Structure formats: C-alpha cells, structure tokens
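What you are looking at is a predicted structure, and each value in this text was computed from that prediction instead of being measured.
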Amino acid sequence: SIGRARGTGLGGGHDEREQTLNQILAEMDGFVPKEAVVVLAATNRPDVLDPALVRPGRFDRRIVLHLPRKQARIKILEIHSREVPLADGVDLESIAAMTVGFSGADLENLVNEAALLAGRDENDQVGMEDFNRARDKILLGPKTDDIINDEEKEVIAYHEAGHAVVAQKLPLTDPLQKVSIIPRGRSLGSTQQVPEKDRHNLKKEFLKQKIAVMLGGRASERMVFDDISNGAANDLKESTRLARRMVCLWGMSDKLGPVYFQEGEEHTFLGKEMTRQKRYSEETARIIDEEIAGLIREMENKASGILKENHRKLDKLASKLMEQETLDRDELEEILGGKDKE
C-alpha cells in the first residue's frame, strides 16, 4: 500500500504515501551505527514497487510464495479439517486433486463451506458430497432460482454435452469429473474437468485441445439446432485469450515464429487498458489477428468433426442431462465410454 513507484507525475511528490516511503528507505539505510532496523514486507503486486525498494541490498532475503502443489494442498486440508468431523468416505487426496489453483485461504474456505452445508442438512459429519458442493459454490457461485423453460434447457444440455464429448474424445485433455445444467451464479451450466497432476509446462497440442473443448458447446449448438446462442460468450473470451497468449507470448505460431509480442506495459496508476501501447507494426498486428482467428477456427472445426462422429452419444448425453441435470464421472463414462488415449 505504500511501496508503489514514486515520481509518476500524478498527485505531486509530497503526498503522505511518498513521504512514508522516503522515511522507510532512510531508516533502512540507517543513521546510528549501533541501532538496527528490521523491515518485513509482503506484496502481491511486485510489478509496481518503487525501484529503490527492490534494488540489491535493500532486502537481504526475498521469499516467493507459489500456489500450493498437490501434496501441500493435502497437508493444508489436513490442518483445516482437524476439528471437523469427517465422514468415512472423505478422501483428502481426491479433494486436493480437484482443487488445482486453490490457495491456502481458498482451501480453508472450502472446508468451512463444506461444514456449513453439512450443518444446514443437519448431518453429524461432513461427507464427500458436501466438499463437492462447496467446490461448486466457490468456483461457480451459489445455485440460482431462475426458472428455465424446456426449450432453453435443451439448448443448455446440448451445449454442456458438446463440451463433455469433445473433452472425452481428445487424448490430452483433463478427465471429466462432472457435467451439470443447474444454473449457478452467471453460469447456466458447467462441465468440470479435474487434472490428474499439476502442470507447469503446457505443450502446444495440449493447449489446442483445451481450446477445442471450450468451443465444443458452440459447435454442438450449431450442429444440432443450426443456430448459435450467446451462451458461448465466456467460452469465446477464454479461448481467444488463450490463443492470443499462444501466438504473442509463447511463440506457438509457425507464421510469426519464436518472437515475443508484448502489448506495452500497464501504467502504475492509470489503469490497465488506458495506456497500453503496441510495440510492433500494424502489419504484424494484422498477422497476429489472422493467426489467432485461424487457430480458433481450426479447433472449432476439430470439435465439430468429433461431435459429428459421436452424434448418437451426444444425443444420449444431452437427454440424460435433461432428465437428471447432473452427471458424475462414472455416469459420463457409461454413456461416452473411456477416455481416448494417444
């Protein structure tokens, strides 16, 4: 809160925050030889810190805290569930596997939310189903009371079934965990995949198949109803964002080659979009746009091809979703078969 860069030209150079930072820097340099000042600091925005704070010699040790990996998540869950009466079927390793990307605070919130849900149902112990519901609530939001007519329900069912079929038939994608057409938060349905392991290096083919899964819902709507809806808005947003990273940041475009195209740096005070500048020509920008659009079209065509080959399974899955609203892993494998291997 006080370590932001000085001298931005906004707010003048004599505001209270800057004077506090100057005082801390002076104290860290020291005035009296026999007095020592120990400074401890933490931030989740190291990119906007003042250069004087991060230069060599200011802080003797820097510790970077990453999100916990699977084994760490298991230990964190054990700590937060010590005082919680867990049912016999609760498997903390399975919970850790389906909470990739959760921080320690997120995991604590998960345990507390599961305990609250069990308490509302007047259960003496917290079961695995309570943890699953708590995870859904944290990731997707609470259930909504919106009444959806049968026509819209069918569209949602085919949309989510499209995601599921493409995910099951592509070899590199994460295994399916659950598919639901119960509205939560802003989402009318969800297709959940649980990675079998934490990933740190993402290969090009894995990322392309991930985009294909995102576009499976839209491809399913187009194939079944010969029309598309606005339900794929977030899918398009996320797939385009991922494709842009592949092309601009990770050098995964054959046409552009191994070049990093940065879109300018965010200004410390002026917000993210206001001051972004492109550091490449208009011709390069046009090629980037073409590569992104081409990658997305390629993966949408791939998703459409998979759905055409598995039309009967798509119909069966959508029909089952209309009937039950939520399907777990075993029910999905019964309809779609086992996951395709490479």
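The structure places CD1 of Ile74 at 10.0 Å from CD1 of Ile95, a figure rounded to the nearest 0.5 Å. Once rounded to the nearest 0.5 Å, the distance linking CG of Leu336 with CD of Gln168 reads 5.5 Å. Remark: Lys178 NZ to Ser190 OG distance equals 7.0 Å, nearest 0.5 Å. Of the inter-residue distances, the one linking Ile287 atom CD1 with Phe261 atom CZ reads 8.0 Å to the nearest 0.5 angstrom.
Neither Ile228 nor Val224 shares a network with the other; the hydrophobic side chains, linked directly or stepwise wherever heavy atoms of I, L, V, M, F, W or Y lie under 4.5 Å apart, form separate groups for each. Linking Ile, Leu, Val, Met, Phe, Trp and Tyr residues whenever their side-chain heavy atoms come within less than 4.5 Å places Met252 and Val259 in a single cluster. One hydrophobic cluster, built from ILVMFWY side chains closer than 4.5 Å, cannot hold both Leu65 and Leu67; they sit in different ones. Leu139 and Leu110 fall within a single hydrophobic cluster, where Ile, Leu, Val, Met, Phe, Trp and Tyr side chains are chained together by heavy-atom contacts under 4.5 Å. Ile138 and Val111 fall within the same hydrophobic cluster, defined by Ile, Leu, Val, Met, Phe, Trp and Tyr side-chain heavy atoms under 4.5 Å apart, directly or through other members.
Classification of Glu300 and Arg297 as a salt-bridged pair fails, no side-chain N sitting under 4.0 Å from a carboxylate O. A salt bridge links Lys153 to Glu325: one of the charged nitrogens lies within less than 4.0 Å of a carboxylate oxygen. With salt bridges taken as basic N to acidic carboxylate O contacts below 4.0 Å, none links Lys302 and Glu298.
With hydrogens and angles disregarded, a donor-acceptor distance shorter than 3.5 Å links the side chain of Gln209 to the backbone of Leu172. The backbone N or O of Glu151 sits less than 3.5 Å from a side-chain atom of Asn149, completing a donor-acceptor pair. Checking side-chain atoms of Glu221 against main-chain N and O of Ser229 turns up a donor-acceptor pair under 3.5 Å. The backbone N or O of Leu176 sits less than 3.5 Å from a side-chain atom of Arg329, completing a donor-acceptor pair. Although no hydrogens or angles enter the test, the distance criterion places a donor-acceptor pair under 3.5 Å between the side chain of Glu331 and the main chain of Asp328. Side chain of Arg58 to backbone of Ala52: a donor-acceptor contact under 3.5 angstrom is found. Judged purely by atom type and a 3.5 angstrom limit, Ser180 uses its side chain to pair as donor or acceptor with the backbone of Ile182.
Here the closest heavy-atom approach between residue Met214 and residue His163 is recorded as O-CE1, 2.9 Å. Of all non-hydrogen atoms in Ala114 and Ala134, the two that sit nearest each other are N-CB, 3.6 Å. Here the closest heavy-atom approach between residue Thr173 and residue Ala167 is recorded as OG1-O, 2.7 Å. Considering every non-hydrogen atom in both Leu170 and Ala212, the closest pair reads CD1-CB, 3.8 Å.
With a 6.0 Å radius and a threshold of 12 heavy atoms from other residues, nucleotides or ligands, Arg312 has its CZ atom at or below the threshold.
Counting only N and O atoms by type, the side chains of Gln125 and Asp88 include no donor and acceptor under 3.5 Å apart. Remark: the Ser304 side chain and the Asn301 side chain contain no N/O donor-acceptor pair separated by less than 3.5 Å.
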